[in-house]
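For ligands, and for the atoms within them, numbers begin at 1 and follow the listed sequence.
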Amino acid sequence: MQTFCPGDRYSKDRDEAEGEKEAIILIGNAVEEAMNEQIKNELFSAYQYLSMAAYCESENLPGFAQWMRAQSQEETVHAMKFYDFVLDCNGRVVLRGIDGPVVEFGSPLEVFEQALEHEKKVTAMIHDLYGLAVRENDYASQTFLQWFVTEQVEEEKNAGHVVETLKMVGDKSEALFLLDRELGQRRVEEQPAG
Ligand SMILES: [Fe+2]
Ligand SMILES: [Fe+2]
């Protein structure tokens, strides 16, 4: 029996010989491929932010480092959302190689400017993925991706806020010290179930 699914793939017999089990694949090849790529992109984000955390530690800014460490953990959660969604659709997760992160930065401001630029790129990736799901008539993926569309607004806002604050701080070390204490309050947000 063929069951309707988005994209160019409809169903696959995983155990046709014995006629026992037919896995219905609810994700088309193109969206599956793009989601696998996005798992890699989110894990690269986690790696990049961990590298930024390490730089902040080396600059004696433990609060900035904590903020980046929490950001890195959130990116891992994002990767796992894609991972689980592909599996929920009976798709195949195929992990890819991750490029090395940037490791040297000129200043805390440069770190957060690069973080903001990075998030803008990720926003474009999410929008491309959403556009693909629309073209493929993949409604489940569109609904899934809406969370990420909203999340990217938050991501750009948060990084942009720190960039603006750091510009105001300038070279005032007392203000930098206070900002470091404030950013150090950040913890990884609890993920809602489901
Ligand atoms: Fe992300
Ligand atoms: Fe992000």
Side-chain angles (χ1 to χ4, degrees), residues 27 30-57 61 63-89 91 93-103 105 108-134 138 140-167 179 182-194:
I27 190 169
V31 174
E32 183 187 66
E33 155 76 20
M35 291 219 178
N36 271 302
E37 183 68 13
Q38 194 59 25
I39 292 170
K40 183 199 78 177
N41 293 336
E42 299 291 345
L43 288 174
F44 173 76
S45 297
Y47 209 34
Q48 182 59 73
Y49 289 132
L50 197 57
S51 177
M52 288 172 168
Y55 167 81
C56 293
E57 293 281 5
L61 292 166
F64 282 75
Q66 167 59 26
W67 194 98
M68 281 297 174
R69 192 184 282 231
Q71 182 71 16
S72 176
Q73 286 174 282
E74 275 194 19
E75 299 297 353
T76 305
V77 171
H78 294 173
M80 292 311 295
K81 279 179 185 277
F82 279 102
Y83 184 104
D84 286 333
F85 182 77
V86 171
L87 293 183
D88 285 346
C89 295
V93 170
V94 182
L95 297 182
R96 298 164 182 198
I98 300 172
D99 290 339
V102 179
V103 295
F105 305 90
L109 175 59
E110 193 184 308
V111 168
F112 277 86
E113 282 175 336
Q114 289 200 21
L116 178 58
E117 281 315 301
H118 181 69
E119 287 302 332
K120 286 179 179 173
K121 280 187 203 151
V122 174
T123 299
M125 290 170 188
I126 297 292
H127 291 178
D128 284 351
L129 195 39
Y130 193 95
L132 177 66
V134 170
D138 183 342
S141 292
Q142 287 172 45
T143 302
F144 168 75
L145 287 165
Q146 274 168 12
W147 184 88
F148 284 92
V149 172
T150 309
E151 171 70 5
Q152 283 310 119
V153 175
E154 197 66 19
E155 292 278 67
E156 288 193 36
K157 186 185 92 178
N158 291 343
H161 173 72
V162 182
V163 167
E164 291 311 312
T165 308
L166 276 168
K167 282 180 180 167
L179 180 60
E182 186 195 319
L183 294 185
Q185 304 298 313
R186 180 174 176 185
R187 296 290 176 270
V188 180
E189 284 169 32
E190 289 282 319
Q191 292 297 313

**Report entry** Which residues share a salt bridge (Lys or Arg N to Asp or Glu O under 4.0 Å) with Glu117, sequence neighbours left out
**Finding:** Lys120
Report summary line: With sequence neighbours left out, the residues meeting side chain to side chain donor-acceptor pair (under 3.5 Å) with Gln71 are Glu75, Glu155, Arg186
Query raised in the report: Is a donor on one side and an acceptor on the other found under 3.5 Å between the side chain of Gln152 and the backbone of Glu119?
Result: yes
Query raised in the report: Taking the six-membered ring for Trp, are Phe112 and Phe64 ring centroids under 6.0 Å apart?
Result: yes
Requested in this report: Keeping waters out of it, list the protein N, O or S atoms under 2.8 Å from the Fe ion (ligand 1).
Outcome: Glu42 OE1, Glu75 OE1, His78 ND1
Requested in this report: Name the orientation class of the two ring planes belonging to Phe85 and Phe144 (parallel below 30°, tilted from 30 to 60°, perpendicular beyond 60°).
Outcome: parallel
Show me the donor-acceptor pairs within less than 3.5 Å that the side chains of residues 158-165 make with the rest of the protein, sequence neighbours left out.
| unit_1 | atom_1 | unit_2 | atom_2 | d |
| --- | --- | --- | --- | --- |
| Asn158 | ND2 | Glu154 | O | 3.4 |
| Thr165 | OG1 | His161 | O | 2.8 |

